[in-house]
Amino acid sequence: MPHRVRREAVAGWAAARGAERRTVVVEGLLCLLTASFGLVPLLLVVPARPGLAVLEALWAVLLVAVRRGRPAAAVLGASVLVVGVNVWTVAVAPLVVMSATRRIAPTRRAWQVVGAASAVVGVLTVVTAPFRAERLAFQVVGNVVSLVLLLVLPALAGTLLGQRRPLVSLLRERNAYLERARALTAEAARTEERNRIAGEMHDLLGHRLSLISVHAGALELAAARQAPALAGQTELLRTTAGTAMEELREILGVLRHADLAGPGDDRPGDGRGTREDIAALVDESRRTGSAVELDWSVPDGEELGPRTRQAIHRVVREGLTNVLKHAAGAPTRVEVRSAGGGIEVSVTNAPPPVAGPSRGGSHSGLAGCEERVGLLGGTFEAGALVNGGFRVVARLPERSAAGHSAADRRLPPHPLVRPGPGGARAPLPDEILTWPRVLGSGCAALVVVLPTVGFLVVLLVMAVLG
């Protein structure tokens, strides 16, 4: 027995050191409250056997401490309080039983422990009968009532509450599984749609751009012989068609392999968004006859992320394309500067020199820029100016903090989803949390707590009046 007690003490101390600080504090306060409640009233109403009453109070404190780690032993130990002489510790017994039976599984074992505790109560009733003034029959009836109120009903509430805990965990697990399944289904649908769009773009745009590139090359050769003055324009047409073909191939690769792309792989070209790249876009616009100025004030030593540079390229290209379609020949200013810990990109054009119908558009380019900038955590604005011009401005962070590839958006494994051989396994639909079970456990707990509280109030009033 001494070795067993020593082993239990060492195990309890190790469990206390390994528990969370909040749990240790709460358990310590409960033990202190139990000790105060069992010992302080003895100063007001001195029992017939004060030494035994003090031992029962300390025993109640021990039961409160071990009810989490040794719930079966706590239920058996509560039987001593049922037949004890310290009426203040009797109120602790149902709370200890209800808390301990919640942690005993399966339910059949919990009721076996309660049955054993009831047998202990019967044995103690017979053993202590000669030392009490009441008759044995009166003691038996009183202890039977106490047994029902202090052991059976608390055990019923505790087992119901213990059944509710795994049911709640099951619902959480099922909800996590469904959320993950929904996310994976949506990702599969997006991948299928991207592949479909990539196929249509390859079949339709690829063929048309190839024809444009071939005819532009033939036109460049003819212009070099017959109209040298137009050689620059035809060369621009051929190079633009070739660039469009390269960009289309890169975009198709991004669409088809977005799930395999890493955080730095979502780029069409490493040179996008650099000062040389923006200057090349401005030169192409100037060759069409537009008066475009470039103001690049970003320090050369400042490193920009690949996604930020790509967004700069996209905004400038879309802004210059809109100027060419809607305000051809209008003076335009492109600005790329550092602002507030980020990058501000703007394309501003004056009113067109000659008013006329524009080439139209669906504003899908501006919508795409807004979406790209928003994914990077920036802001995008586009609108007409008071003087009749138009301005496109985007404010971008230097480095994107959000993930944009499909691989980055994949959900981590949920701690409640148990992985199986083929991935996450759906929980078995064997039990559900029903309202009768919830109400039953709550009502049983009230049946235990309310009489206990009423009993304590009566004892306190009697002690104060006495």
Problem - side-chain hydrogen bond (donor to acceptor under 3.5 Å, both in side chains): pairs with one or both residues in residues 341-354, sequence neighbours excluded - result: Arg337-Glu344, Glu344-Arg395, Thr348-Arg391
Practice task
Calculate, to the nearest 0.5 Å, the distance between atoms CD1 and CD belonging to Ile278 and Glu335 respectively.
Solution key: 13.5 Å
Exercise for the section: Return yes if some donor-acceptor pair links the side-chain N/O of Trp296 with the main-chain N/O of Ala279 below 3.5 Å, else return no. Expected result: no
Exercise for the section: Check step by step if side-chain contact (heavy atoms from CB on, under 4.5 Å) holds for Leu33 and Val64. Expected result: CA-CA 10 Å; Leu33 181 62; Val64 171; over 6 Å; no
Practice task
Evaluate the criterion side-chain contact (heavy atoms from CB on, under 4.5 Å) for residue pair Asn322 and Glu318; output intermediate values, then yes/no.
Solution key: CA-CA 6 Å; Asn322 287 339; Glu318 184 63 28; 3.4 Å; yes
Exercise for the section: Could you tell me the separation between the CG atom of Leu294 and the CG atom of Asp283, rounded to the nearest 0.5 Å? Expected result: 9.0 Å
Practice task
Would you name the heavy atoms of Pro351 and Pro331 that are closest together and state the gap between them?
Solution key: O-CD, 4.4 Å
Problem - Validation row: Val347, Phe390 side chains within 4.5 angstrom (heavy atoms) - result: no
Exercise for the section: Start with the C-alpha gap between Val114 and Thr159, add the side-chain angles, then the distance that decides, and say whether side-chain contact (heavy atoms from CB on, under 4.5 Å) holds. Expected result: CA-CA 11 Å; Val114 173; Thr159 53; over 6 Å; no
Exercise for the section: Side-chain contact test, heavy atoms from C-beta onward, threshold under 4.5 Å: evaluate it for Leu150 versus Val97 and give yes or no. Expected result: no
Problem - Side chain Ser99, main chain Val96, donor-acceptor under 3.5 Å - result: no
Practice task
With rounding to the nearest 0.5 Å, note down the distance linking OG1 in Thr332 to CZ in Arg286.
Solution key: 10.5 Å
Practice task
Kindly compute the distance separating CD (Glu284) from OG1 (Thr321), expressed to the nearest 0.5 Å.
Solution key: 9.5 Å
Completion exercise
Shortest non-hydrogen pair, Thr101 vs Gly158, comes out as OG1-CA, 3.3 Å
Problem - From CG (Leu95) to CZ (Arg67), nearest 0.5 Å - result: 9.5 Å
Exercise for the section: Give a yes or no on whether the backbone of Ala100 and the side-chain of Arg103 come within a donor-acceptor separation of less than 3.5 Å. Expected result: no
Practice task
Check whether any side-chain heavy atom of Leu156 lies under 4.5 Å from a side-chain heavy atom of Trp111, and answer yes or no.
Solution key: yes
Handout entry: Partners passing side chain to side chain donor-acceptor pair (under 3.5 Å) against Arg225 (at least two apart in sequence or in another chain)
Key = none
Exercise for the section: Please examine the side chains of Val92 and Leu63, heavy atoms only from C-beta on, and report whether any two atoms are closer than 4.5 Å. Expected result: no
Problem - Arg287 CZ: over 12 foreign heavy atoms closer than 6.0 Å - result: yes
Handout entry: Residue pairs involving residues 150-160 (criterion salt bridge (charged side-chain N to carboxylate O under 4.0 Å, His left out); sequence neighbours excluded)
Key = none
